Amino acid sequence: MKKTILENFDENMNNRKHNLFCAFDNKKIIMYMMLGRSFDSQLGTRLQHIALYLARKKYGAEYAPNLMVLSYDDAREGLVVKTVSDPMGRGDQQKIKWASSIEKADEIIENGRKRYKKQQPGMFKEYFFEMSKEKSEEVHKRIKPKKGTSLDRIADLLFIFGADKKSISCYELKAGGNLDTKNTDANKREVEEFYDLFDFYTFRESFFATCYNNMGEGNEPQGDIFRKIARDKQLRGSEFWKKILPEEYKFSDFVKLYKKAFDDSEIEKDIEKKIEEALTR
């Protein structure tokens, strides 16, 4: 996160140089505004990476996959779900795809093997769900519900759990800042559609989750989204982290560890240095 913010500092400042509507005389104010936006952007991505890492620590890396490929097996009369878990830092998106045949699914999975030859065998898993061809077509349509949309459905966070690995948990995840946005209805639909998509699992859950409560722990968060989604479909701040933290860690332990890593990175010191350098130019 620090590396990206510092590397983009000069470019972001240059992009604002000719903005005649940003009419501040004080250059420092412009820098702080730019850094605030840059930090918020990078923080959201970093928190999503941390969430995936913790989910893998608690439930197993192979059960928080980067890729799920669904296809129908006519011979076995059921839905086959193949998964690939890439090493952390090699692209941490979690995608759900539909393959037109078992052979096509194998091809997609094999491409994953070629990308990460050093991966442990346990990173590849396969699951079978007995169902009719007609039912599988319903699942297919839910992956790509509208014309013109991507062939992939992307989850902010998803993991499989339970003794039989027939339970699944999905999250529409936001950092937690100002949530009164035009995306409120889209976020609500994502929560509902992921719940519907995985109706062939024995147990399924889908949440709208925030990494922190924008009004403080224990308070009612601000944002239209919290009035449009049922309370039992929301995880606010610590409620979310408690779902994915390994059993040996409390939420307070996690916050302390994050603060220590943040301080150890010396991001504050390096940003201050970058500002002073820019002011002298």
Side-chain angles (χ1 to χ4, degrees), residues 45 48-49 51-146 149-173 190 193-206 244:
T45 302
Q48 192 167 331
H49 291 343
L52 176 59
Y53 175 79
L54 288 173
R56 286 183 166 188
K57 290 291 285 184
K58 183 171 184 175
Y59 297 101
E62 62 268 44
Y63 302 118
N66 294 96
L67 178 63
M68 296 182 74
V69 184
L70 284 62
S71 57
Y72 191 76
D73 189 332
D74 290 297
R76 296 164 68 189
E77 296 188 350
L79 186 74
V80 177
V81 177
K82 297 173 183 282
T83 66
V84 180
S85 293
D86 297 336
M88 289 297 297
R90 297 284 189 89
D92 297 333
Q93 280 190 331
Q94 294 183 278
K95 295 181 179 180
I96 300 101
K97 291 176 177 280
W98 178 269
S100 56
S101 65
I102 293 295
E103 292 74 24
K104 183 62 178 177
D106 288 337
E107 181 183 323
I108 295 170
I109 294 298
E110 186 57 30
N111 287 337
R113 292 182 188 275
K114 289 176 181 175
R115 280 203 312 274
Y116 304 111
K117 293 179 180 178
K118 295 180 181 179
Q119 236 175 302
Q120 297 175 359
M123 294 297 186
F124 299 87
K125 291 289 182 182
E126 182 176 316
Y127 310 90
F128 180 77
F129 298 85
E130 187 176 329
M131 72 171 63
S132 67
K133 183 83 169 181
E134 291 73 23
K135 171 65 178 174
S136 76
E137 285 303 317
E138 292 177 18
V139 175
H140 180 194
K141 289 175 184 176
R142 290 178 196 146
I143 294 177
K144 186 176 182 260
K146 299 174 186 175
T149 58
S150 168
L151 291 174
D152 303 336
R153 187 174 274 279
I154 298 175
D156 288 337
L157 180 65
L158 173 154
F159 56 83
I160 298 162
F161 65 103
D164 61 356
K165 304 307 175 194
K166 293 294 178 72
S167 298
I168 194 163
S169 193
C170 307
Y171 302 80
E172 177 72 6
L173 182 61
E190 281 292 296
E193 288 177 0
F194 269 111
Y195 185 80
D196 292 341
L197 170 59
F198 292 113
D199 69 347
F200 53 91
Y201 274 81
T202 305
F203 176 82
R204 59 196 156 124
E205 56 186 9
S206 182
I244 59 174

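In this text the structure is predicted, and so the values were computed from the model without any measurement. Each residue takes its place number in the sequence, starting with 1.
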Heavy-atom side-chain contact between [X] and [Y] under 4.5 Å:
{"X": "W98", "Y": "S136", "answer": "yes"}
{"X": "F128", "Y": "E126", "answer": "no"}
{"X": "V80", "Y": "L70", "answer": "no"}
{"X": "V84", "Y": "P65", "answer": "no"}
{"X": "E77", "Y": "Y72", "answer": "yes"}
{"X": "V69", "Y": "E107", "answer": "no"}

Problem - Test applied, salt bridge (Lys or Arg N to Asp or Glu O under 4.0 Å); reference residue, E193; option that passes from R204, R142, K141, R153 - result: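 With E193 as partner, salt bridge (Lys or Arg N to Asp or Glu O under 4.0 Å) holds for just one option, R153.
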Could you state the interatomic distance from [atom1] ([X]) to [atom2] ([Y]), rounded to the nearest 0.5 Å?
{"X": "E190", "Y": "L197", "atom1": "CD", "atom2": "CG", "result": "10.5 Å"}
{"X": "M68", "Y": "I109", "atom1": "CE", "atom2": "CD1", "result": "10.0 Å"}
{"X": "F124", "Y": "T83", "atom1": "CZ", "atom2": "OG1", "result": "9.0 Å"}

Problem - For F129, all residues meeting side-chain contact (heavy atoms from CB on, under 4.5 Å), sequence neighbours excluded - result: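 So F129 forms a side-chain contact (heavy atoms from CB on, under 4.5 Å) with L79, V81, Y127, M131, K166, F200, Y201.
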Problem - Listed partners of A64 passing side-chain contact (heavy atoms from CB on, under 4.5 Å), at least two apart - result: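 If we apply the side-chain contact (heavy atoms from CB on, under 4.5 Å) test to A64, skipping adjacent residues, the hits are L52, R56, Q94, F159.
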Practice task
May I ask you to decide if D156's main-chain N or O and Q48's side chain share a donor-acceptor pair within less than 3.5 Å?
Solution key: yes
Practice task
Output all residues satisfying side-chain hydrogen bond (donor to acceptor under 3.5 Å, both in side chains) with D196, sequence neighbours left out; order by chain, then residue number.
Solution key: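 Applying side-chain hydrogen bond (donor to acceptor under 3.5 Å, both in side chains) to D196 gives none.
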Completion exercise
The side chain to side chain contact (heavy atoms under 4.5 Å, CB included) partner of L67 among I108, D86, D152 is I108
Exercise for the section: Inspect the contact between K133 and E137 and indicate whether a charged nitrogen and a carboxylate oxygen are less than 4.0 angstrom apart. Expected result: no
